[in-house]
There are 2 protein chains.
Amino acid sequence: MNNDLPLTREAILDAAEQVLRRFGPDKTSVVDIAKVLRVSHGTVYRHFASKASLREAVTERWLHKSIAEPLEAIAGNVNGSAVERLKLWLEALIHAKQSFSLQDSEMFAMYAAVTLDTIEMIATHVDCLIEQIARIIRQGMDSAEFKPGQPEVLARSIFIATSRFHHPAHAREWLAETIDADFDAVWNLILLGIE
Amino acid sequence: MNNDLPLTREAILDAAEQVLRRFGPDKTSVVDIAKVLRVSHGTVYRHFASKASLREAVTERWLHKSIAEPLEAIAGNVNGSAVERLKLWLEALIHAKQSFSLQDSEMFAMYAAVTLDTIEMIATHVDCLIEQIARIIRQGMDSAEFKPGQPEVLARSIFIATSRFHHPAHAREWLAETIDADFDAVWNLILLGIE
DNA sequence: CAAATGACAAAATATCAATATTGTCCTTTG
DNA sequence: CAAAGGACAATATTGATATTTTGTCATTTG
(Lines give C-alpha, C1' and ligand atoms only; values in the text may rest on other atoms or scores of the structure.)
Protein backbone atom coordinates (compact mmCIF):
# COMPACT_ATOMS: atom_id res chain seq x y z
CA MET A 1 0.00 0.00 0.00
CA ASN A 2 3.09 2.19 0.26
CA ASN A 3 3.31 4.51 -2.78
CA ASP A 4 6.31 6.65 -1.97
CA LEU A 5 9.82 5.33 -2.29
CA PRO A 6 11.79 3.57 0.45
CA LEU A 7 10.49 4.16 3.94
CA THR A 8 13.32 5.75 5.88
CA ARG A 9 13.90 6.04 9.57
CA GLU A 10 13.70 9.80 9.19
CA ALA A 11 10.34 9.61 7.43
CA ILE A 12 8.98 7.57 10.32
CA LEU A 13 10.32 10.10 12.81
CA ASP A 14 8.69 12.90 10.82
CA ALA A 15 5.35 11.10 10.86
CA ALA A 16 5.70 10.24 14.53
CA GLU A 17 6.44 13.84 15.41
CA GLN A 18 3.44 15.02 13.39
CA VAL A 19 1.02 12.56 15.02
CA LEU A 20 2.54 13.24 18.42
CA ARG A 21 1.96 16.97 18.07
CA ARG A 22 -1.65 16.34 17.06
CA PHE A 23 -2.67 13.70 19.62
CA GLY A 24 -0.06 13.97 22.38
CA PRO A 25 2.20 11.21 23.71
CA ASP A 26 -0.60 9.34 25.52
CA LYS A 27 -2.98 9.05 22.57
CA THR A 28 -0.45 8.26 19.87
CA SER A 29 -0.29 4.62 18.72
CA VAL A 30 2.10 2.95 16.32
CA VAL A 31 -0.93 2.23 14.13
CA ASP A 32 -1.70 5.96 13.97
CA ILE A 33 1.84 6.67 12.84
CA ALA A 34 1.74 3.88 10.24
CA LYS A 35 -1.58 5.23 8.95
CA VAL A 36 0.02 8.62 8.19
CA LEU A 37 2.79 6.82 6.30
CA ARG A 38 0.18 4.67 4.47
CA VAL A 39 2.01 1.61 5.63
CA SER A 40 1.17 -1.29 7.91
CA HIS A 41 2.29 -0.97 11.51
CA GLY A 42 4.41 -4.10 11.06
CA THR A 43 6.59 -2.08 8.72
CA VAL A 44 7.30 0.49 11.38
CA TYR A 45 8.59 -2.35 13.56
CA ARG A 46 11.16 -3.18 10.87
CA HIS A 47 12.82 0.15 11.70
CA PHE A 48 12.26 0.40 15.44
CA ALA A 49 12.49 -2.46 17.92
CA SER A 50 9.67 -1.13 20.07
CA LYS A 51 7.37 1.79 20.57
CA ALA A 52 9.61 2.91 23.44
CA SER A 53 12.63 3.08 21.17
CA LEU A 54 10.62 5.06 18.63
CA ARG A 55 9.57 7.51 21.32
CA GLU A 56 13.18 7.77 22.39
CA ALA A 57 14.37 8.40 18.85
CA VAL A 58 11.76 11.12 18.32
CA THR A 59 12.79 12.77 21.56
CA GLU A 60 16.48 12.46 20.80
CA ARG A 61 16.09 14.13 17.43
CA TRP A 62 13.90 16.86 18.89
CA LEU A 63 16.37 17.53 21.72
CA HIS A 64 19.20 17.73 19.27
CA LYS A 65 17.66 20.11 16.79
CA SER A 66 15.66 22.22 19.25
CA ILE A 67 18.08 22.40 22.15
CA ALA A 68 21.62 21.20 21.55
CA GLU A 69 22.12 22.61 18.07
CA PRO A 70 20.95 26.18 18.74
CA LEU A 71 23.03 26.24 21.93
CA GLU A 72 26.06 25.00 20.02
CA ALA A 73 25.94 28.26 18.07
CA ILE A 74 26.38 30.18 21.31
CA ALA A 75 29.01 27.87 22.82
CA GLY A 76 31.00 27.89 19.58
CA ASN A 77 31.04 31.64 19.11
CA VAL A 78 34.48 32.77 20.24
CA ASN A 79 33.73 36.50 20.28
CA GLY A 80 33.06 38.32 23.53
CA SER A 81 33.86 37.32 27.09
CA ALA A 82 33.33 33.83 28.45
CA VAL A 83 31.16 35.17 31.28
CA GLU A 84 28.79 36.83 28.86
CA ARG A 85 28.68 33.72 26.72
CA LEU A 86 28.05 31.45 29.69
CA LYS A 87 25.18 33.60 30.87
CA LEU A 88 23.78 33.87 27.36
CA TRP A 89 24.06 30.09 26.96
CA LEU A 90 22.27 29.35 30.23
CA GLU A 91 19.55 31.87 29.50
CA ALA A 92 19.07 30.37 26.04
CA LEU A 93 18.80 26.85 27.48
CA ILE A 94 16.30 27.99 30.08
CA HIS A 95 14.32 30.07 27.64
CA ALA A 96 14.15 27.21 25.15
CA LYS A 97 12.91 24.72 27.73
CA GLN A 98 10.42 27.10 29.28
CA SER A 99 9.05 28.28 25.98
CA PHE A 100 8.74 24.76 24.54
CA SER A 101 6.88 23.66 27.65
CA LEU A 102 4.22 26.22 26.76
CA GLN A 103 4.33 26.40 22.97
CA ASP A 104 5.28 22.88 21.91
CA SER A 105 3.59 21.24 24.85
CA GLU A 106 3.02 17.79 23.33
CA MET A 107 6.65 17.35 22.33
CA PHE A 108 7.67 18.71 25.69
CA ALA A 109 5.35 16.21 27.40
CA MET A 110 6.97 13.47 25.32
CA TYR A 111 10.40 14.65 26.42
CA ALA A 112 9.31 14.85 30.06
CA ALA A 113 7.90 11.31 29.87
CA VAL A 114 11.07 9.89 28.33
CA THR A 115 13.15 11.70 30.96
CA LEU A 116 11.26 9.87 33.71
CA ASP A 117 12.55 6.57 32.36
CA THR A 118 16.07 7.91 32.97
CA ILE A 119 17.30 6.45 29.77
CA GLU A 120 20.88 6.36 28.49
CA MET A 121 19.89 8.76 25.72
CA ILE A 122 19.00 11.54 28.17
CA ALA A 123 22.31 11.10 29.96
CA THR A 124 24.10 11.44 26.65
CA HIS A 125 22.17 14.59 25.80
CA VAL A 126 23.01 16.06 29.20
CA ASP A 127 26.68 15.14 28.76
CA CYS A 128 26.61 16.91 25.43
CA LEU A 129 25.20 20.08 27.01
CA ILE A 130 27.68 19.91 29.87
CA GLU A 131 30.49 19.57 27.35
CA GLN A 132 29.30 22.81 25.73
CA ILE A 133 29.43 24.57 29.10
CA ALA A 134 32.87 23.05 29.73
CA ARG A 135 34.15 24.50 26.46
CA ILE A 136 33.03 27.99 27.44
CA ILE A 137 34.57 27.59 30.88
CA ARG A 138 37.82 26.20 29.53
CA GLN A 139 38.15 29.26 27.37
CA GLY A 140 37.36 31.52 30.32
CA MET A 141 40.05 29.79 32.34
CA ASP A 142 42.57 30.06 29.52
CA SER A 143 41.97 33.79 29.28
CA ALA A 144 42.19 34.08 33.10
CA GLU A 145 38.63 35.39 33.15
CA PHE A 146 37.77 32.52 35.49
CA LYS A 147 39.66 31.04 38.42
CA PRO A 148 41.62 27.95 37.40
CA GLY A 149 39.96 24.55 37.97
CA GLN A 150 38.49 21.50 36.26
CA PRO A 151 36.18 22.74 33.51
CA GLU A 152 34.22 19.46 33.25
CA VAL A 153 33.49 19.24 36.96
CA LEU A 154 32.57 22.90 37.18
CA ALA A 155 30.38 22.64 34.09
CA ARG A 156 28.48 19.73 35.59
CA SER A 157 28.01 21.64 38.86
CA ILE A 158 26.61 24.62 37.05
CA PHE A 159 24.25 22.45 35.03
CA ILE A 160 23.00 20.72 38.17
CA ALA A 161 22.76 23.93 40.20
CA THR A 162 20.49 25.40 37.54
CA SER A 163 18.29 22.27 37.23
CA ARG A 164 15.38 24.09 38.78
CA PHE A 165 15.22 26.29 35.68
CA HIS A 166 15.62 23.71 32.91
CA HIS A 167 14.75 20.23 34.21
CA PRO A 168 11.27 19.18 33.01
CA ALA A 169 10.33 17.93 36.48
CA HIS A 170 10.23 21.59 37.52
CA ALA A 171 8.06 22.80 34.63
CA ARG A 172 5.14 23.67 36.93
CA GLU A 173 7.40 25.97 38.94
CA TRP A 174 8.35 27.97 35.83
CA LEU A 175 5.04 29.79 36.07
CA ALA A 176 5.99 31.35 39.43
CA GLU A 177 6.54 35.10 39.31
CA THR A 178 9.85 34.81 41.15
CA ILE A 179 11.41 32.51 38.57
CA ASP A 180 13.50 35.19 36.84
CA ALA A 181 14.67 36.77 40.08
CA ASP A 182 15.56 33.31 41.36
CA PHE A 183 17.68 32.64 38.30
CA ASP A 184 19.46 35.98 38.69
CA ALA A 185 20.26 35.11 42.29
CA VAL A 186 21.61 31.66 41.39
CA TRP A 187 23.58 33.17 38.52
CA ASN A 188 25.16 35.67 40.92
CA LEU A 189 26.10 32.85 43.25
CA ILE A 190 27.73 30.96 40.39
CA LEU A 191 29.52 34.07 39.23
CA LEU A 192 31.00 34.68 42.68
CA GLY A 193 32.36 31.15 42.52
CA ILE A 194 33.95 31.24 39.10
CA GLU A 195 35.27 34.75 38.53
CA MET B 1 -19.98 5.21 68.67
CA ASN B 2 -16.98 7.25 69.83
CA ASN B 3 -15.74 5.92 73.21
CA ASP B 4 -12.65 8.02 73.83
CA LEU B 5 -12.87 11.60 74.91
CA PRO B 6 -13.09 14.63 72.59
CA LEU B 7 -11.85 13.98 69.11
CA THR B 8 -8.96 16.35 68.53
CA ARG B 9 -7.37 17.56 65.34
CA GLU B 10 -4.15 15.88 66.45
CA ALA B 11 -5.89 12.53 67.01
CA ILE B 12 -7.22 12.69 63.47
CA LEU B 13 -3.76 13.47 62.13
CA ASP B 14 -2.34 10.54 64.08
CA ALA B 15 -4.94 8.20 62.65
CA ALA B 16 -4.49 9.61 59.15
CA GLU B 17 -0.73 9.13 59.34
CA GLN B 18 -1.19 5.55 60.56
CA VAL B 19 -3.63 4.62 57.77
CA LEU B 20 -1.51 6.45 55.21
CA ARG B 21 1.57 4.47 56.17
CA ARG B 22 -0.40 1.24 55.86
CA PHE B 23 -2.29 1.84 52.60
CA GLY B 24 -0.41 4.67 50.91
CA PRO B 25 -1.82 8.02 49.75
CA ASP B 26 -3.82 6.57 46.84
CA LYS B 27 -5.70 3.90 48.79
CA THR B 28 -6.48 5.91 51.90
CA SER B 29 -10.05 7.15 52.23
CA VAL B 30 -11.58 9.42 54.82
CA VAL B 31 -13.82 6.49 55.79
CA ASP B 32 -10.71 4.38 56.50
CA ILE B 33 -9.38 7.10 58.78
CA ALA B 34 -12.72 7.50 60.54
CA LYS B 35 -12.90 3.72 61.05
CA VAL B 36 -9.59 3.76 62.96
CA LEU B 37 -10.98 6.54 65.16
CA ARG B 38 -14.27 4.59 65.61
CA VAL B 39 -16.12 7.63 64.40
CA SER B 40 -18.30 8.43 61.38
CA HIS B 41 -16.55 10.07 58.46
CA GLY B 42 -18.87 13.07 58.82
CA THR B 43 -17.17 13.78 62.12
CA VAL B 44 -13.79 14.04 60.44
CA TYR B 45 -15.29 16.71 58.21
CA ARG B 46 -16.09 18.77 61.29
CA HIS B 47 -12.35 19.22 61.75
CA PHE B 48 -11.13 19.41 58.14
CA ALA B 49 -12.88 21.18 55.31
CA SER B 50 -11.85 18.58 52.72
CA LYS B 51 -9.76 15.51 52.20
CA ALA B 52 -7.18 17.73 50.48
CA SER B 53 -6.84 19.94 53.55
CA LEU B 54 -6.44 16.84 55.72
CA ARG B 55 -3.69 15.56 53.44
CA GLU B 56 -2.06 18.95 53.61
CA ALA B 57 -2.23 19.04 57.39
CA VAL B 58 -0.72 15.56 57.68
CA THR B 59 2.10 16.56 55.33
CA GLU B 60 2.67 19.85 57.11
CA ARG B 61 3.03 18.17 60.47
CA TRP B 62 5.30 15.49 59.04
CA LEU B 63 7.52 18.07 57.30
CA HIS B 64 7.78 20.03 60.48
CA LYS B 65 8.69 17.23 62.83
CA SER B 66 10.77 15.15 60.38
CA ILE B 67 12.56 17.89 58.47
CA ALA B 68 12.35 21.42 59.86
CA GLU B 69 12.69 20.58 63.56
CA PRO B 70 15.78 18.34 63.34
CA LEU B 71 17.45 20.89 61.04
CA GLU B 72 16.65 23.67 63.48
CA ALA B 73 18.95 21.94 65.97
CA ILE B 74 21.82 22.31 63.49
CA ALA B 75 20.99 25.86 62.42
CA GLY B 76 20.58 26.95 66.04
CA ASN B 77 23.85 25.48 67.31
CA VAL B 78 26.26 28.41 67.58
CA ASN B 79 29.40 26.33 68.09
CA GLY B 80 31.86 25.77 65.27
CA SER B 81 32.29 27.61 62.01
CA ALA B 82 29.41 28.74 59.83
CA VAL B 83 30.85 26.88 56.81
CA GLU B 84 30.88 23.60 58.69
CA ARG B 85 27.38 24.20 59.98
CA LEU B 86 26.07 25.13 56.55
CA LYS B 87 27.50 21.98 55.02
CA LEU B 88 26.22 19.86 57.90
CA TRP B 89 22.79 21.44 57.52
CA LEU B 90 22.59 20.80 53.77
CA GLU B 91 23.83 17.25 54.18
CA ALA B 92 21.26 16.64 56.89
CA LEU B 93 18.45 18.01 54.71
CA ILE B 94 19.54 15.88 51.80
CA HIS B 95 20.06 12.80 53.90
CA ALA B 96 16.65 13.19 55.53
CA LYS B 97 14.84 13.56 52.21
CA GLN B 98 16.71 10.74 50.53
CA SER B 99 16.35 8.36 53.42
CA PHE B 100 12.63 9.09 53.91
CA SER B 101 12.05 8.46 50.21
CA LEU B 102 13.27 4.91 50.78
CA GLN B 103 12.31 4.15 54.36
CA ASP B 104 9.09 6.09 54.88
CA SER B 105 8.01 5.80 51.29
CA GLU B 106 4.25 6.23 51.80
CA MET B 107 4.65 9.47 53.73
CA PHE B 108 7.21 10.62 51.20
CA ALA B 109 4.78 9.81 48.38
CA MET B 110 2.15 11.84 50.22
CA TYR B 111 4.57 14.76 50.50
CA ALA B 112 5.55 14.47 46.82
CA ALA B 113 1.88 14.47 45.80
CA VAL B 114 1.07 17.53 47.91
CA THR B 115 4.14 19.29 46.50
CA LEU B 116 2.77 18.84 42.97
CA ASP B 117 -0.24 20.95 43.94
CA THR B 118 2.26 23.72 44.77
CA ILE B 119 0.28 24.72 47.77
CA GLU B 120 0.88 27.72 50.03
CA MET B 121 1.91 25.35 52.80
CA ILE B 122 4.89 24.03 50.84
CA ALA B 123 6.04 27.58 50.10
CA THR B 124 5.86 28.35 53.81
CA HIS B 125 7.87 25.25 54.67
CA VAL B 126 10.50 26.20 52.09
CA ASP B 127 10.64 29.76 53.44
CA CYS B 128 11.18 28.32 56.88
CA LEU B 129 14.11 26.21 55.67
CA ILE B 130 15.59 29.14 53.74
CA GLU B 131 15.34 31.25 56.89
CA GLN B 132 17.41 28.62 58.71
CA ILE B 133 20.10 28.81 56.02
CA ALA B 134 19.94 32.60 56.17
CA ARG B 135 20.61 32.52 59.93
CA ILE B 136 23.74 30.42 59.41
CA ILE B 137 24.90 32.71 56.62
CA ARG B 138 24.19 35.87 58.59
CA GLN B 139 26.38 34.55 61.34
CA GLY B 140 29.11 33.64 58.86
CA MET B 141 28.97 37.15 57.45
CA ASP B 142 29.09 38.71 60.90
CA SER B 143 32.21 36.72 61.75
CA ALA B 144 33.72 37.62 58.34
CA GLU B 145 33.87 33.94 57.47
CA PHE B 146 31.74 34.74 54.43
CA LYS B 147 31.88 37.62 51.96
CA PRO B 148 29.35 40.33 52.86
CA GLY B 149 25.97 40.22 51.07
CA GLN B 150 22.25 39.67 51.53
CA PRO B 151 21.83 36.53 53.64
CA GLU B 152 18.20 35.92 52.56
CA VAL B 153 18.93 36.14 48.84
CA LEU B 154 22.02 33.98 49.14
CA ALA B 155 20.18 31.44 51.27
CA ARG B 156 17.44 31.15 48.66
CA SER B 157 20.03 30.70 45.91
CA ILE B 158 21.75 27.93 47.79
CA PHE B 159 18.46 26.18 48.48
CA ILE B 160 17.49 26.36 44.82
CA ALA B 161 20.94 25.40 43.53
CA THR B 162 20.77 22.23 45.62
CA SER B 163 17.20 21.34 44.55
CA ARG B 164 18.44 18.35 42.61
CA PHE B 165 19.41 16.74 45.90
CA HIS B 166 16.36 17.47 48.05
CA HIS B 167 13.35 18.25 45.82
CA PRO B 168 10.99 15.26 45.63
CA ALA B 169 10.66 15.61 41.85
CA HIS B 170 14.26 14.37 41.65
CA ALA B 171 13.79 11.35 43.92
CA ARG B 172 14.43 8.89 41.08
CA GLU B 173 17.81 10.49 40.42
CA TRP B 174 18.91 9.97 44.01
CA LEU B 175 19.66 6.35 43.16
CA ALA B 176 22.40 7.33 40.68
CA GLU B 177 25.90 6.40 41.75
CA THR B 178 27.19 9.88 41.01
CA ILE B 179 24.77 11.60 43.38
CA ASP B 180 27.28 12.11 46.21
CA ALA B 181 30.07 13.26 43.91
CA ASP B 182 27.60 15.64 42.26
CA PHE B 183 26.69 17.16 45.60
CA ASP B 184 30.35 17.59 46.51
CA ALA B 185 30.93 19.41 43.23
CA VAL B 186 27.95 21.72 43.75
CA TRP B 187 29.02 22.32 47.34
CA ASN B 188 32.48 23.33 46.14
CA LEU B 189 30.95 25.74 43.66
CA ILE B 190 28.83 27.30 46.42
CA LEU B 191 31.83 27.50 48.72
CA LEU B 192 33.87 29.35 46.11
CA GLY B 193 31.04 31.86 45.92
CA ILE B 194 30.57 32.54 49.59
CA GLU B 195 33.95 32.29 51.29
C1' DC C 1 15.57 -11.08 -1.99
C1' DA C 2 14.74 -7.05 0.44
C1' DA C 3 10.78 -4.74 1.89
C1' DA C 4 6.22 -4.81 3.23
C1' DT C 5 2.01 -7.07 4.53
C1' DG C 6 -1.52 -8.81 7.43
C1' DA C 7 -2.96 -12.50 10.58
C1' DC C 8 -2.16 -13.50 15.08
C1' DA C 9 -1.21 -13.85 20.43
C1' DA C 10 -0.31 -11.22 24.39
C1' DA C 11 -0.62 -7.06 26.69
C1' DA C 12 -2.66 -2.72 27.44
C1' DT C 13 -6.51 0.30 27.40
C1' DA C 14 -11.39 1.78 26.99
C1' DT C 15 -16.03 1.14 28.42
C1' DC C 16 -19.69 1.20 31.59
C1' DA C 17 -22.46 -0.54 35.23
C1' DA C 18 -21.84 -1.51 40.09
C1' DT C 19 -19.68 0.13 44.09
C1' DA C 20 -17.23 3.28 47.05
C1' DT C 21 -15.95 7.90 48.41
C1' DT C 22 -16.51 12.68 49.19
C1' DG C 23 -18.76 16.29 51.08
C1' DT C 24 -23.30 18.29 52.99
C1' DC C 25 -26.67 18.79 56.20
C1' DC C 26 -30.44 17.68 59.00
C1' DT C 27 -31.15 14.61 63.08
C1' DT C 28 -29.73 12.48 67.29
C1' DT C 29 -27.27 12.04 71.44
C1' DG C 30 -25.00 13.11 75.85
C1' DC D 1 -26.14 23.13 72.60
C1' DA D 2 -21.92 21.28 71.13
C1' DA D 3 -20.43 17.12 69.15
C1' DA D 4 -21.28 13.08 66.59
C1' DG D 5 -24.19 10.35 63.58
C1' DG D 6 -25.86 8.86 59.43
C1' DA D 7 -28.87 9.62 55.26
C1' DC D 8 -28.12 11.62 51.08
C1' DA D 9 -26.56 13.54 46.29
C1' DA D 10 -22.67 14.16 43.47
C1' DT D 11 -18.37 12.50 42.15
C1' DA D 12 -14.83 9.09 41.68
C1' DT D 13 -13.22 4.43 41.64
C1' DT D 14 -13.51 -0.47 40.72
C1' DG D 15 -14.00 -4.60 38.14
C1' DA D 16 -15.68 -7.38 34.42
C1' DT D 17 -15.55 -7.30 29.64
C1' DA D 18 -14.97 -5.48 24.91
C1' DT D 19 -11.75 -3.22 22.12
C1' DT D 20 -7.31 -1.54 20.82
C1' DT D 21 -2.52 -1.77 20.69
C1' DT D 22 1.92 -3.89 20.71
C1' DG D 23 5.00 -6.89 18.92
C1' DT D 24 6.03 -11.31 15.99
C1' DC D 25 6.40 -13.82 12.00
C1' DA D 26 5.18 -16.67 8.13
C1' DT D 27 3.69 -15.18 3.66
C1' DT D 28 3.38 -11.99 -0.21
C1' DT D 29 4.90 -8.53 -3.38
C1' DG D 30 7.72 -5.78 -6.57
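Chain letters run A, B, ... following the sequence lines, proteins first and then strands; every chain starts at 1.
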Can you tell me the distance, in whole Å, between the NE2 atom of B:H47 and the C1' atom of D:dA2?
-> 11 Å
For B:V78 and B:Q139, which heavy atoms make the closest approach, and how far apart are they?
-> CG1-NE2, 3.7 Å
Round to the nearest Å and state the distance from A:F48 atom CZ to C:dA4 atom P.
-> 13 Å
Partners of A:K35 by side-chain contact (heavy atoms from CB on, under 4.5 Å), sequence neighbours excluded?
-> A:V31, A:D32
Look at the side chain of B:S40 and decide which nucleotide, out of D:dA3, D:dG5, C:dA4, has an atom nearest to it.
-> D:dG5
Summary of salt bridge (charged side-chain N to carboxylate O under 4.0 Å, His left out) pairs that have at least one residue in residues 95-116 of chain A, sequence neighbours excluded | A:R21-A:D104
Separation of B:R46 atom CZ from D:dG6 atom P, in whole Å?
-> 15 Å
Partner set under ring pair (Phe, Tyr, Trp, His ring centres under 6.0 Å) for B:F165, not counting sequence neighbours = B:F183
A:R55 CZ to C:dA12 C1': how many Å, rounded?
-> 13 Å
With sequence neighbours left out, what residues match A:W62 under ring pair (Phe, Tyr, Trp, His ring centres under 6.0 Å)?
-> A:F100, A:Y111
Pairs meeting criterion salt bridge (charged side-chain N to carboxylate O under 4.0 Å, His left out) with involvement of residues 79-88 of chain A, two or more places apart = A:K87-A:E91
Would you kindly give the CD1-to-C1' distance between A:I12 and C:dA4, to the nearest whole Å?
-> 12 Å
Summarise protein proximity over nucleotides 17-30 of chain D in one line of letters, 5' to 3': B for base, S for sugar-phosphate only, - for none, counting protein heavy atoms closer than 4.0 Å.
-> ----SBBB------
